[in-house]
Amino acid sequence: QTVVTQEPSFSVSPGGTVTLTCGLSSGSVSTSYYPSWYQQTPGQAPRTLIYSTNTRSSGVPDRFSGSILGNKAALTITGAQADDESDYYCVLFMGSGTHVFGTGTKVTVL
Amino acid sequence: QVQLQESGPGLVKPSETLSLTCAVSDYSISSGDFWGWVRQPPGKGLEWIGSLYYSGSTFYNPSLKSRVTISVDTSKNQFSLKLSSVTAADTAVYYCARHHWGLQYFQHWGQGTLVTVSS
């Protein structure tokens, strides 16, 4: 089965910028995979951040942005804040009606 | 704003069938879109289980397909998950979600319910 890979962890300073990526074990991610991004804090349900590569979900601050960088989908947090400290997951649409979650990235703000 | 609420037994014995229901409020399932299930074992990542259209069409994670059934009851505005032959590896928080099929993302989430598989 296809593996969707993300960096295990990132650390960012308050006010800093961090870019998380979402790649495929084989092949390149494109907009055809409809990459979406979710934020999750411990004990909480995921929160939808970005869908269809770069569209922010309702109420999501504009410091979160999505893109394709090279052969991966990317989530950039610009001007990180303390409450951005969370786990972040991407999801790719693999065609044939199936979806795969990425392995997740733990972001620490300090 | 669509509201989703999972319900079902919090403890299931090994080899038995896990059954959960997701009640949808403030939106009619029959209006369209897909409805899905996602799970998260303790301390691990998220895993898509499957999704269903209100008319009954379903898509399942290939790794779970042989054990999963997702169904809908439009009269009760709810959909359900059944996972058969469970083992300890199926212990997880199970989330239901509204799944925007056209743009392929999970638009709204339930709060999740923990199901433990143990004798």
Side-chain angles (χ1 to χ4, degrees), chain A residues 1-9 20 22 25 29-60 64 66 73 75 86-107, chain B residues 1-7 20 22 24 26-27 33-53 55-66 68 70 92-114:
Chain A
Q1 185 171 337
T2 300
V3 176
V4 177
T5 57
Q6 298 182 242
E7 298 87 358
S9 63
L20 318 182
C22 174
S25 52
V29 177
S30 67
T31 57
S32 299
Y33 285 86
Y34 292 89
S36 55
W37 292 89
Y38 305 84
Q39 177 190 49
Q40 188 183 36
T41 53
Q44 299 296 314
R47 171 196 182 197
T48 305
L49 293 178
I50 300 285
Y51 61 92
S52 195
T53 304
N54 56 13
T55 303
R56 272 186 298 276
S57 187
S58 177
V60 174
F64 292 94
L75 173 72
S86 302
D87 295 325
Y88 292 84
Y89 294 91
C90 66
V91 174
L92 300 180
F93 173 62
M94 307 306 292
S96 302
T98 62
H99 295 71
V100 180
F101 277 86
T103 50
T105 298
K106 182 178 183 64
V107 172
Chain B
Q1 180 80 348
V2 179
Q3 306 288 332
L4 301 103
Q5 179 66 59
E6 305 89 349
S7 63
L20 295 174
C22 181
V24 179
D26 298 325
Y27 189 86
D33 264 339
F34 275 68
W35 305 88
W37 290 94
V38 173
R39 70 179 183 177
Q40 185 172 38
K44 296 188 178 181
L46 297 163
E47 179 182 35
W48 173 70
I49 298 171
S51 298
L52 152 148
Y53 192 54
S55 64
S57 299
T58 53
F59 295 94
Y60 297 131
N61 185 326
S63 68
L64 298 170
K65 186 174 184 177
S66 63
V68 173
I70 298 176
V93 175
Y94 286 77
Y95 297 99
C96 61
R98 178 185 177 190
H99 189 169
H100 193 299
W101 200 253
L103 296 175
Q104 304 298 346
Y105 77 105
F106 300 97
Q107 191 172 10
H108 299 107
W109 296 78
Q111 66 184 24
T113 187
L114 174 63

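Letters go in sequence order (proteins before strands), and every chain restarts at 1. Note that this is a predicted model, so its numbers are computed, not measured. All values below come from the heavy atoms of this structure, side chains included, with hydrogens, waters and symmetry mates left out.
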Mind checking the [atom1]-[atom2] spacing from [X] to [Y]? Nearest 0.5 Å is all I need.
X: A:L92; Y: B:Q104; atom1: CG; atom2: CD; answer: 11.0 Å
X: A:F93; Y: B:W101; atom1: CZ; atom2: CH2; answer: 5.5 Å
X: B:Y105; Y: A:H99; atom1: OH; atom2: NE2; answer: 12.0 Å
X: A:S57; Y: B:H100; atom1: OG; atom2: NE2; answer: 10.5 Å

Specify the closest pair of heavy atoms between [X] and [Y], including all atoms of both residues, with the distance to one decimal.
X: B:Q40; Y: A:Y89; value: NE2-OH, 3.4 Å
X: A:T98; Y: B:Y60; value: CG2-O, 3.8 Å
X: B:G110; Y: A:A45; value: O-CB, 3.3 Å

**Prompt:** Between B:V93, B:L103, B:N61, which residue shows the highest count of heavy-atom pairs closer than 4.5 Å to chain A?
**Reply:** B:L103
**Message:** Could you go through A:Q40 and B:W109, starting from their C-alpha distance and side-chain angles, then the distance that decides it, and tell me whether this counts as side-chain contact (heavy atoms from CB on, under 4.5 Å)?
**Reply:** CA-CA 12 Å; A:Q40 188 183 36; B:W109 296 78; over 6 Å; no
**Message:** Counting only non-hydrogen atoms closer than 4.5 Å, does A:Y33 touch chain B with its backbone (N, CA, C, O), its side chain (CB onward), both, or neither?
**Reply:**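 For A:Y33, there is no contact with chain B at all, as no heavy atom is under 4.5 Å.
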**Request:** Side chain from CB out, backbone as N, CA, C, O: work out which of these in A:S96 comes under 4.5 Å of a heavy atom of chain B, or both, or neither.
**Result:**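 For A:S96, the contact with chain B is made by the backbone alone.
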**Item:** Stepwise side-chain contact (heavy atoms from CB on, under 4.5 Å) check, A:V91 with B:W48
**Value:** CA-CA 9 Å; A:V91 174; B:W48 173 70; over 6 Å; no
**Prompt:** Are the side chains of B:V38 and A:F101 in touch, meaning some heavy atoms are under 4.5 Å apart?
**Reply:**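 Contact flag for B:V38/A:F101 side chains = yes.
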**Item:** pair A:P46-B:Y95: side-chain heavy atoms closer than 4.5 Å
**Value:**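 They are in side-chain contact.
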